[in-house]
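A short worksheet on the structure shown next.
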Amino acid sequence: MNDYTFDDDGNPVLMTNGASKRNLYSEEEDITNIFDVGGDGYDVTLSMAQETLTWTSVNPNRARKSKGKGLSLFKTTKHAPPNKSTLDLKNVLGVKIKRRKKGKKDGEGMCLGFIVYTYEFFGPNALRERVIEFEHPSENLCTKYSERIFNYIKELPGRPQSVKLFMQILAGYRMSKELYKNKVLPLIQAAGIDVDCVEIQHSEFIKQEMVHINLDDYDCIACMGGDGTVNQVATGLMNKIQAMNDVEIKLGFTPAPCNVPLCILPTGTTNQVAGSLLGLSDTVTATIHMILGNYRQVDISSVYHGEKLLKWSFISQYGFAGNILSMYERYKTKLGAKGLDAAVLKALTKSKLRPYECEVEYIPADPLPHAGDQKVDNEFSTCRSGCSRCWTEQLDDSASVTHDTQVQAFDPLNTSNNSESFMDLSKTESPWKTMKGSFLNVGLFCIPGNCEMAPEGLNKFCHLCDGSMDLVIVKNTSRKDFVRFLKRHSNSKNQFAMPFVEKIGVKEVRFKPRSRTTWNYKDHTYSEIEYRESAIKHRRGTIQSMDVLEIEDERTTPKHRHTQSLQMLDNISDIDDDDDEDEGIDDIDDLSSDLPSRKGSGGTNRNSAGSSRGSAGSRTKIKNGDVIINTAQQEKQLVGPQYRMTFAEKDKLKRKTKQIKKEEKVKEKEASKSRSVWNIDNEICNEQELSFRVHHGLIKISGLGISPYTHVFTDSPVFCLSLMG
């Protein structure tokens with residue numbers, strides 16, 4: 001949402017939060033009056049030209065009262081006495097009139113002053129609200145101040161005016177309703193934002209709501225819940241955008257970008273998406289970013305099963321992470337907050353921690369460009385280093401083009417293009433690479449995935465908007481080394497600096513599990529790509545040979561027709577003149593059943609045709625050229641006494657059925673050991689063979705990213721990791 005103004009020469013100028021519409025208020029005069037702030041008298045000056053609200057103590061030599069409310073929260077102007085404080089209007093969240101409300105409704109009661117809602121940093125990523133009360137009994141004076149401030153913040157670009165909020169009341173520790181009522185709603189009302197809040201009733205609720213919603217009525221779509229709720233809202237929003245732009249959703253399509261931002265208010269057990277955009281899981285911080293209109297472009301991947309689009313995702317994992325999610329679904333109702341600890345502990349046992357035979361095909365991502373003098377494609381350059389791809393305020397139109405839609409032009413006259421001629425393009429190798437083996441976990445990360453268990457992220461070197469996703473493969477290793485790998489997610493050590501971990505930047509991925517009950521799943525020399533290419537070549541050769549046969553068949557068509565007509569004449573039986581002569585009905589055999597089996601036989605099958613005519617239960621007659629099926633004469637079937645099984649035979653059949661069920665159960669148990677489930681944004685996906693494709697900067701999510709000054713190294717909150725290894 002970009003707003004523009006025009007300078008004196010008529011050139012368009014982009015308006016940002018830092019310099020917004022200053023020329024519109026340059027001619028307005030400052031207003032100054034005395035207010036009571038924190039128990040002391042202050043000269044409060046509202047300067048629309050300078051876009052500031054300043055208050056100075058009337059008696060600076062007098063000691064302040066102990067009632068002071070937030071006077072040290074704002075910056076002190078240089079070369080000014082310490083009793084003077086200044087607040088930039090761009091940092092104001094909202095303003096309203098303060099009234100005495102004893103037995104009165106909203107908007108009624110005696111005026112006590114006006115309240116300004118703002119915020120402050122109390123950590124690298126954390127924000128909290130601050131309330132400043134300017135007390136004065138004159139309602140006209142307070143209204144004059146509040147209306148000017150309110151009109152100013154309403155005209156700031158990027159700030160939403162109406163929000164659609166989906167709230168999951170069962171997320172996390174079921175605190176969504178309480179947080180919304182006590183923390184979120186007061187800030188939204190103070191900012192003058194119209195909010196339409198609906199509670200999620202069932203798993204298909206968001207999908208059904210998105211079909212009928214009109215996105216033009218809202219400036220922002222918000223969701224309150226965990227990663228599962230975020231995935232559902234993001235999937236519904238992206239599908240709605242494609243439907244509005246008449247984009248056909250199929251494998252390999254180019255999606256339309258989402259121009260409606262998504263705000264995440266984290267209240268779930270795991271908040272990896274919110275943690276990657278905010279640096280922490282705090283509902284108040286997320287609400288403040290939504291009110292201020294702080295958004296970041298984020299990569300998102302599309303997930304397919306065959307030709308069908310299943311959903312959109314930010315983080316997808318198969319193997320160990322899928323086992324944790326499956327067991328957490330069992331334990332969360334009984335153990336509550338400790339259900340996640342129990343799930344991790346169970347997944348790390350010797351019976352559950354097993355490798356899975358997998359086949360992963362991928363297309364490597366393009367090499368990353370330089371960001372100024374700093375090379376950003378170094379694996380140790382993290383999001384918190386302030387790279388331009390994650391901290392860019394706005395993306396240029398050229399940068400919004402996805403990697404998969406960029407096509408490099410080829411000049412046939414330029415011999416420097418990879419030293420290949422124009423005719424050599426058909427001999428280029430396939431861009432797909434294959435990796436097979438026994439893997440403990442396979443992960444695809446479009447975002448770092450910061451959460452409580454991994455303060456720096458499940459993939460601390462992943463960027464938010466670089467047009468690629470990281471494929472992280474943990475190969476088969478000992479249980480002790482795998483626990484060491486998990487522990488490194490909670491400290492400053494590099495978890496990918498282990499010999500059994502491999503990280504690759506990719507654009508597309510095709511995943512296929514190798515089942516133990518089918519073909520030789522440990523044959524890692526088998527190439528699926530080569531098999532498909534040979535199948536295509538074989539299919540093309542078959543089609544060409546079929547074309548030649550069709551041409552030859554067309555040349556011999558007259559002779560074939562002559563032979564077929566002779567066969568039909570030979571198959572016609574003699575006419576019965578006894579009973580059907582006066583009716584003109586002729587009995588013949590069913591030519592449709594006899595003709596296909598008589599190819600060039602002449603009259604050799606006449607006897608067999610006659611015998612079949614005599615034993616047939618129904619006849620085919622011809623009257624005046626019409627074919628009539630006579631179903632009146634049906635062959636009678638004799639039904640004899642029903643056979644009864646002996647007790648020995650019944651017992652034998654029962655034992656045989658029981659043995660079959662036992663074998664099927666053992667087979668299913670053996671097959672279950674060779675497969676896991678997909679953990680897609682902490683939601684279970686039972687489909688095994690999936691395809692993924694990343695899309696560059698396709699969606700906007702509220703947040704500023706992770707601050708470069710964030711250094712959080714704590715012990716893992718999962719107690720089982722400290723007990724093992």
Side-chain angles (χ1 to χ4, degrees), residues 17-101 106-107 109-121 127-156 159 186-187 189-192 288 291-292:
N17 289 343
S20 58
K21 303 184 180 181
R22 177 169 296 182
N23 57 342
L24 300 179
Y25 303 100
S26 59
E27 298 180 357
E28 292 192 14
E29 297 181 356
D30 300 345
I31 54 175
T32 303
N33 288 278
I34 299 177
F35 286 82
D36 187 359
V37 182
D40 292 335
Y42 283 83
D43 288 331
V44 180
T45 301
L46 177 61
S47 176
M48 301 304 298
Q50 300 295 326
E51 301 176 353
T52 58
L53 180 66
T54 307
W55 58 95
T56 306
S57 178
V58 177
N59 189 3
N61 297 326
R62 187 179 62 180
R64 293 182 180 177
K65 298 181 181 179
S66 59
K67 188 185 175 183
K69 295 183 179 180
L71 296 181
S72 61
L73 302 179
F74 314 103
K75 66 181 182 179
T76 303
T77 308
K78 294 182 179 180
H79 310 293
N83 59 345
K84 182 177 181 180
S85 299
T86 302
L87 172 64
D88 292 335
L89 295 182
K90 66 179 182 180
N91 296 328
V92 175
L93 301 177
V95 60
K96 71 176 184 178
I97 301 295
K98 180 182 178 182
R99 299 179 182 276
R100 191 185 303 276
K101 292 184 179 180
D106 293 340
M110 185 180 67
C111 177
L112 301 179
F114 70 95
I115 303 175
V116 174
Y117 293 86
T118 183
Y119 67 95
E120 68 167 347
F121 284 91
L127 302 175
R128 61 182 177 187
E129 61 172 321
R130 301 304 300 179
V131 179
I132 308 300
E133 298 180 0
F134 298 89
E135 298 179 357
H136 197 284
S138 175
E139 184 170 355
N140 294 332
L141 182 61
C142 294
T143 303
K144 186 177 181 180
Y145 273 81
S146 62
E147 286 183 352
R148 288 196 178 188
I149 298 175
F150 185 79
N151 294 333
Y152 175 85
I153 63 177
K154 275 292 185 181
E155 295 175 355
L156 289 176
R159 293 202 176 191
L187 287 176
Q189 290 177 345
I288 293 175
I291 295 174
L292 296 177

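Note that the structure is predicted; figures quoted are calculated from it, not measured.
Between Cys111 and Ile97 the shortest side-chain heavy-atom distance falls below 4.5 Å. Two residues are said to be in side-chain contact when any heavy atoms from C-beta on lie closer than 4.5 Å; Tyr119 and Leu292 meet this criterion. For the pair Glu135/Lys98, a side-chain contact is recorded, criterion being any heavy-atom separation below 4.5 Å from C-beta on.
Looking at Thr118, its side chain never comes within 3.5 Å of a backbone N or O of Arg130 through a donor-acceptor pair. The backbone N or O of Met110 lies less than 3.5 Å from no partner atom in the side chain of Arg100, so there is not a single donor-acceptor pair.
Partners of Ser146 by side chain to side chain donor-acceptor pair (under 3.5 Å), not counting sequence neighbours: none found. With sequence neighbours left out, Phe35 forms a ring pair (Phe, Tyr, Trp, His ring centres under 6.0 Å) with Phe114, His136, Tyr145. Residues passing the side chain to side chain contact (heavy atoms under 4.5 Å, CB included) test with Thr45 are Asp30, Thr32, sequence neighbours excluded. Asp43 pairs by the side chain to side chain donor-acceptor pair (under 3.5 Å) definition with nothing, not counting sequence neighbours. Every residue meeting the side chain to side chain donor-acceptor pair (under 3.5 Å) condition with Lys154, not counting sequence neighbours, appears here in chain and number order: Gln161.
How far CG of Asp88 is from CD of Gln50: 10.0 Å, rounded to the nearest 0.5 Å. Interatomic distance, Asn151 CG to Glu155 CD, rounded to the nearest 0.5 Å: 6.5 Å. Residue Glu120 holds its CD atom at 11.5 Å from CG of Asn91, rounded to the nearest 0.5 Å. Atom CD of residue Glu139 and atom CZ of residue Arg99 lie 4.0 Å apart, to the nearest 0.5 angstrom. Going from atom CG of Leu141 over to atom CD1 of Ile34 covers 10.5 Å, rounded to the nearest 0.5 Å. To the nearest 0.5 Å, atom OG1 of residue Thr56 and atom OH of residue Tyr42 are 9.0 Å apart.
Between Val92 and Arg159 the shortest heavy-atom distance is O-NH1, 2.9 Å. What you find for Phe150 and Ile153 is that their closest heavy atoms are O-CG1, 3.2 Å. Between Gly113 and Cys142, the closest heavy-atom pair is CA-SG, 3.4 Å. Between Tyr117 and Val95, the shortest heavy-atom distance links the atoms CD1-N, 4.4 Å.
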Item to check | Test log, rule side-chain contact (heavy atoms from CB on, under 4.5 Å), inputs Ile31 and Arg148 | outcome: CA-CA 11 Å; Ile31 54 175; Arg148 288 196 178 188; 3.9 Å; yes

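Side-chain atoms of Tyr152 and Glu51 form a donor-acceptor pair, as typed in the model, at a separation below 3.5 Å.
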